[in-house]
2 protein chains.
Amino acid sequence: MSNSPPIEQADRLLDAFITPMTETRVPIPTLERLAIYLRVLLDALEAGIQTLSSQEMEQHSGISAAQFRKDLSYFGEFGKPGVGYSVPALIQCIEKILRLDKEQPILLVGAGNIGSALVGYPNFQAHRLRIAAVFDNNFVKIGRPFGDLIIEDIARVKEVNASIGARLGIIAVPASAAQEVADLLVEAGVRGILNFAPTILRVPPHVHVRNVSIVQELAVLSYHVAEETV
Amino acid sequence: MSNSPPIEQADRLLDAFITPMTETRVPIPTLERLAIYLRVLLDALEAGIQTLSSQEMEQHSGISAAQFRKDLSYFGEFGKPGVGYSVPALIQCIEKILRLDKEQPILLVGAGNIGSALVGYPNFQAHRLRIAAVFDNNFVKIGRPFGDLIIEDIARVKEVNASIGARLGIIAVPASAAQEVADLLVEAGVRGILNFAPTILRVPPHVHVRNVSIVQELAVLSYHVAEETV
DNA sequence: GCGGGACTGTGAACGGTTTCACAGTGTGTG
DNA sequence: CACACACTGTGAAACCGTTCACAGTCCCGC
């Protein structure tokens, strides 16, 4: 897998994440930024850039150079003083940290509009995120094709995931059904849920939930655009 | 418009937002939570609940009672000691704070999968968010119907918005076109942009941008689901 | 092989949010 | 009318994340 010039550095880097450094919890904002760095790095790679300094990262990502270095310091040492960061090596490191180095199967629940947008989403592939199965509770939809997949009965989610082994799930159903779906996903072994439904999900402590709320985002913007008028 | 029991209180509350209290900037996390409170309150209203304490809000929203009270304190005093908060009155207040009390027209750019999901999104209506026009640059799509609307040429966005007067825009186009679209939106008078494209947009300081990145969300979850395995 | 320049990694200072704890206030009851 | 109760609103403390600034390291040229 990739014999980029600085082999030994790459190996050193790839091992780094194994040691979770100290016992320090990694701040969630840091994880979110990691994904941004990765995007910039992938663009840089495409542009043929081999090396990047934290200064240059600041220009491309809008995140301060100090922040970038601090974020990486939670996981190890990835740069060379006087030079910067090897683009391909750092990509591999961040991918490994975020577990995007191996394909991540994902269960999608809800074969509606949002679900359609997700299965057709082109950016998943670059990050090895793959929607491995689609579920719905509408018997009219069950059995129909959906992208490359066939819509399955949500009642069978545990059964289906026994062979897939996905740890991530996406809930794209109406709010009224979301909690029920969450319970089924958890029972099927899912540990991380991306929730598009406007509800607070109750899940066991070992399950992580992230909510995507378009209305919430627009509400914050709505406040800001008016603020400046007053 | 609603003559709920505590009329005089409602009026007192509605005036409160006019005074931006002190010069204190409202924290963005507070604004984000405001939208969550609003959702809980609307659910409560539907369930016929007239009064809510900060304790009950904590149970329904997952946000601590102290946080809830502190958040509201940025805008005024909305509760009655010993009783709690009037649900209908507080709904009106938060709507007014977030400028969701009057219809907010929104320009949508990108008539693809995400765009489809957005025009069909049922939750917008409850918050008086309305997609007032849809644009694309693909001449095959221009002129076609899209939900209740007709897809217009992105080149005409300024012209079209002269009559709509929207201050909010949504970018749902590929990353390669996002910056160009952002520039056009800003020129058309948009002050707040919700960006679905995986790029950092450069905009003038008076324009607010919020990014929605599904990949980023999944990346954070991906980290967490693996973390607990080690 | 040595010196200068460039850039990283990180402890310490800073600033902003969240949490705490309690004083203040309205309500209902006897 | 007075007391007990319930709950709010808010200064102060605690916590966390960001920013700063510099010591340490590496590379390159001479």
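The sequence lines fix the lettering, A, B, ..., with proteins before strands; numbering per chain opens at 1. As the structure is a prediction and not an experimental result, all values here were calculated from the model.
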Working for side-chain contact (heavy atoms from CB on, under 4.5 Å), residues A/His224 and B/Arg191:
CA-CA 8 Å; A/His224 282 307; B/Arg191 304 267 206 104; over 6 Å; no
Can you see which heavy atom on A/Ile97 is nearest to which on B/Tyr223, and at what distance?
O-CD1, 3.2 Å
B/Ala66 vs A/Pro27, nearer the 5' end of DNA chain D by closest nucleotide:
B/Ala66
Looking only at heavy atoms, the pair that brings A/Val190 and A/Ala166 closest together is CG2-O, 4.1 Å
Report the distance from atom CD of A/Glu77 to atom C1' of C/dT10, rounded to the nearest whole Å.
9 Å
Between A/Ser73 and C/dG9, is there a side-chain N or O to OP1/OP2 distance below 4.0 Å?
no
Rounded to whole Å, please give me the gap between CZ in B/Arg25 and P in C/dT17.
11 Å
To the nearest Å, how far apart are A/Ile63 CD1 and D/dG17 P?
16 Å
How long is the line joining CG of B/Leu31 and P of C/dT18, in whole Å?
11 Å
To the nearest Å, how far apart are B/Leu72 CG and D/dG9 P?
7 Å
Ion pair check, B/Glu32 and B/Arg210, cut-off under 4.0 Å
yes
Checking B/Gln104, B/Arg99, B/Glu95 against A/Ser222 for side-chain hydrogen bond (donor to acceptor under 3.5 Å, both in side chains), the one that qualifies is B/Gln104
Heavy-atom pair with the smallest gap, counting every atom of A/Leu72 and A/Phe78
O-CE1, 3.3 Å
Please state whether the phosphate of C/dT18, meaning OP1 or OP2, lies under 4.0 angstrom from any side-chain nitrogen or oxygen of B/Arg33.
yes
Starting from P on D/dG17, measure out to CD1 on A/Ile28 and report it in whole angstrom.
8 Å
Tabulated below should be each protein N or O lying under 3.5 Å from an N or O of nucleotides 1-7 of chain C; please produce it.
| unit_1 | atom_1 | unit_2 | atom_2 | d |
| --- | --- | --- | --- | --- |
| C/dC7 | O4' | A/Gly82 | N | 3.0 |

Length of the NZ-P vector between B/Lys70 and D/dG11, whole Å:
7 Å
Between CD of A/Glu58 and P of D/dT18 the distance, given in whole Å, is 14 Å
Check the orientation of A/Tyr37 and A/Phe68. Use parallel for under 30°, tilted for 30 to 60°, and perpendicular for over 60°.
perpendicular
Compare side-chain N and O positions of A/Gln67 against OP1 and OP2 of D/dG17 and report whether any pair is under 4.0 Å apart.
no
